[in-house]
J.: 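Below you'll find the structure I mean.
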Amino acid sequence: MRFLQIFQQLLDHYGAQHWWPGDTPFEVMVGAVLTQNTAWTNVERAIENLKKNKALDPEVILDTGSKELAEWLKPSGYFNVKAERLKHFCQWYVGRGGLNGLKGWHLHDLRADILGVKGIGPETADDILLYALDHPVFVIDAYTRRLFSRLGLVKGDEGYEQLRFKFEAELERDVALFNEYHALIVIHAKDTCRKRVPRCEACCLEDGCRFSKTKD
DNA sequence: ACCCAGGGTCATA
DNA sequence: TATGACCATGGG
């Protein structure tokens, strides 16, 4: 019940976020790879570069030299690593038959399959599954771990899967709910950061500290 | 001049 | 299994 209440508080305060930013499922997937440990504003520039070069397309990415691709990805950081990761992902994407080929999979099988791609870890996989392919997985990121650990609802040092199972057990298995919840957690974290709250941790959802109030 | 960002891989013990 | 090094740009 507590997990749902927190969702309601966040939703009431921030409103629906309608995530993920991106015009197409493929753009969402590319964004998921590029945003690894990276500020979203930097990712936007890289995606703009891809669009400018008509390269926001798996076939084009595969036909582009790593050097040139890395150049386009430069603003998103880790550009050499990400160029390879994007190529690995596109190879998988095309190999599975693109968006159409990815329909009709069982979530468990698809998740295991995509985790086999070099450079796609659990969070990136779940971003893709939830925000591009509409599968009900709860995305766990550093913000989620930090916030709920601070709220005393999780220990904080659990493994990724353990945390994911916890959230998925506490909530109704619903794509729209998981989609909005993770988005709100990220927005909340950015909001508290913007207010210069140290490490985004001094704002909590407890009584007397209602989102905008800073403790300490 | 730091610190951090919507992680993941690889080498080591 | 569990740390640590590494990847790298841009904003606060």
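Computed over heavy atoms, backbone and side chain alike; hydrogens, waters and symmetry mates excluded.
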J.: Round to the nearest Å and state the distance from A:His88 atom NE2 to B:dT9 atom C1'.
T.: 12 Å
J.: Using side chain to side chain contact (heavy atoms under 4.5 Å, CB included) as the criterion, point out the one residue from A:Thr124, A:Asp134, A:Leu110 that pairs with A:Leu129.
T.: A:Leu110
J.: State the dot-bracket string of DNA chain B. Criteria: Watson-Crick or G-U wobble, both atom distances under 3.5 angstrom; notation: ( ) intrastrand, [ ] crossing earlier pairs, | interstrand, . unpaired.
T.: .||||.|||||||
J.: Check the distance between C:dG10's P and A:Leu34's CG and give it to me in whole angstrom.
T.: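 From A:Leu34 CG to C:dG10 P: 14 Å.
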J.: Can you measure A:Ile114 atom CD1 to B:dG8 atom C1' for me and round it to whole angstrom units?
T.: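 After rounding, the gap between these two atoms is 14 Å.
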J.: On a whole-Å scale, what distance lies between the P atoms belonging to B:dC4 and C:dA5?
T.: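 Roughly 16 Å separates the two P atoms.
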J.: Quick one: A:Asp141 CG to B:dA5 P, roughly how many Å, whole number?
T.: 10 Å
J.: Would you indicate which nucleotide in B:dG8, C:dG10, B:dA5 comes nearest to any side-chain atom of A:Arg45?
T.: C:dG10
J.: If the condition is ring pair (Phe, Tyr, Trp, His ring centres under 6.0 Å), which residues does A:Phe165 pass it with, not counting sequence neighbours?
T.: none
J.: According to side-chain contact (heavy atoms from CB on, under 4.5 Å), who are the partners of A:Pro136, at least two apart in sequence or on a separate chain?
T.: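 Scan of A:Pro136 (side-chain contact (heavy atoms from CB on, under 4.5 Å), adjacent residues dropped) gives A:Leu107, A:Arg173, A:Val175, A:Phe178.
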J.: Would you mind listing every salt bridge (Lys or Arg N to Asp or Glu O under 4.0 Å) that reaches into residues 64-73 of chain A, with sequence neighbours excluded?
T.: A:Glu71-A:Lys74
J.: Hey, can you pull the residues of residues 74-87 of chain A with a non-hydrogen atom under 4.0 angstrom from DNA chain C?
T.: A:Lys74, A:Pro75, A:Gly77, A:Tyr78, A:Phe79, A:Asn80, A:Val81
J.: Let's see if you get this right: which residues in residues 132-140 of chain A place a heavy atom under 4.0 Å from DNA chain C?
T.: none
J.: Only counting residues at least two apart or in another chain, list the ones meeting side-chain contact (heavy atoms from CB on, under 4.5 Å) with A:Ile187.
T.: A:Tyr14, A:Gln17
J.: Per the side-chain hydrogen bond (donor to acceptor under 3.5 Å, both in side chains) rule, what does the pair list look like for residues 52-63 of chain A, sequence neighbours excluded?
T.: A:Asn49-A:Lys52, A:Asn53-A:Trp72
J.: Taking all non-hydrogen atoms of both residues into account, name the closest pair between A:Leu184 and A:Gly15 and its distance.
T.: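 Scanning both residues, the minimum pair turns out to be CD2-O, 3.5 Å.
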J.: If you find the nucleotide of DNA chain B closest to A:Gly119 and the one closest to A:Trp40, which residue's nucleotide is nearer the 5' end?
T.: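 This one resolves to A:Trp40.
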J.: I need the full list of ring-ring contact (aromatic ring centres under 6.0 Å, His included) pairs touching residues 101-124 of chain A, with sequence neighbours left out, sorted by first then second residue.
T.: none
J.: Starting at NZ of A:Lys118 and ending at P of C:dC6, how long is that distance when rounded to a whole Å?
T.: 20 Å
J.: So, using salt bridge (Lys or Arg N to Asp or Glu O under 4.0 Å) as the criterion, who are the partners of A:Glu27 when residues are at least two apart?
T.: A:Lys51
J.: Expressed in angstrom and rounded to an integer, what is the separation of A:Phe89 atom CZ from B:dG8 atom P?
T.: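 Spelled out: CZ on A:Phe89 to P on B:dG8 is 13 Å.
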J.: Starting from C1' on B:dA5, measure out to CD on A:Glu123 and report it in whole angstrom.
T.: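 Answer to the nearest Å: 12 Å.
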J.: Quick check on B:dG7: is either OP1 or OP2 less than 4.0 Å from any side-chain nitrogen or oxygen of A:Thr35?
T.: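 Result: no.
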J.: With sequence neighbours excluded, what pairs up with A:Phe7 under the ring pair (Phe, Tyr, Trp, His ring centres under 6.0 Å) test?
T.: A:Tyr181
J.: Only counting residues at least two apart or in another chain, list the ones meeting side-chain contact (heavy atoms from CB on, under 4.5 Å) with A:Ala125.
T.: A:Ile114, A:Leu115, A:Ile120
J.: Just checking A:Ile185: base, sugar-phosphate only, or nothing, at a heavy-atom cut-off of under 4.0 Å?
T.: nothing
J.: Between A:Thr38 and A:Lys82, is the side chain to side chain donor-acceptor pair (under 3.5 Å) condition met? List the steps.
T.: CA-CA 11 Å; A:Thr38 299; A:Lys82 285 175 178 174; 2.8 Å; yes
J.: When you check the phosphate oxygens OP1 and OP2 of B:dC4, does a side-chain N or O of A:Arg146 lie under 4.0 Å from one of them?
T.: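 False: A:Arg146 side-chain N/O out of range (4.0 Å or more) of B:dC4 OP1/OP2.
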J.: Rounding to a whole Å, what distance do you find between A:Tyr143:OH and B:dC4:P?
T.: 12 Å
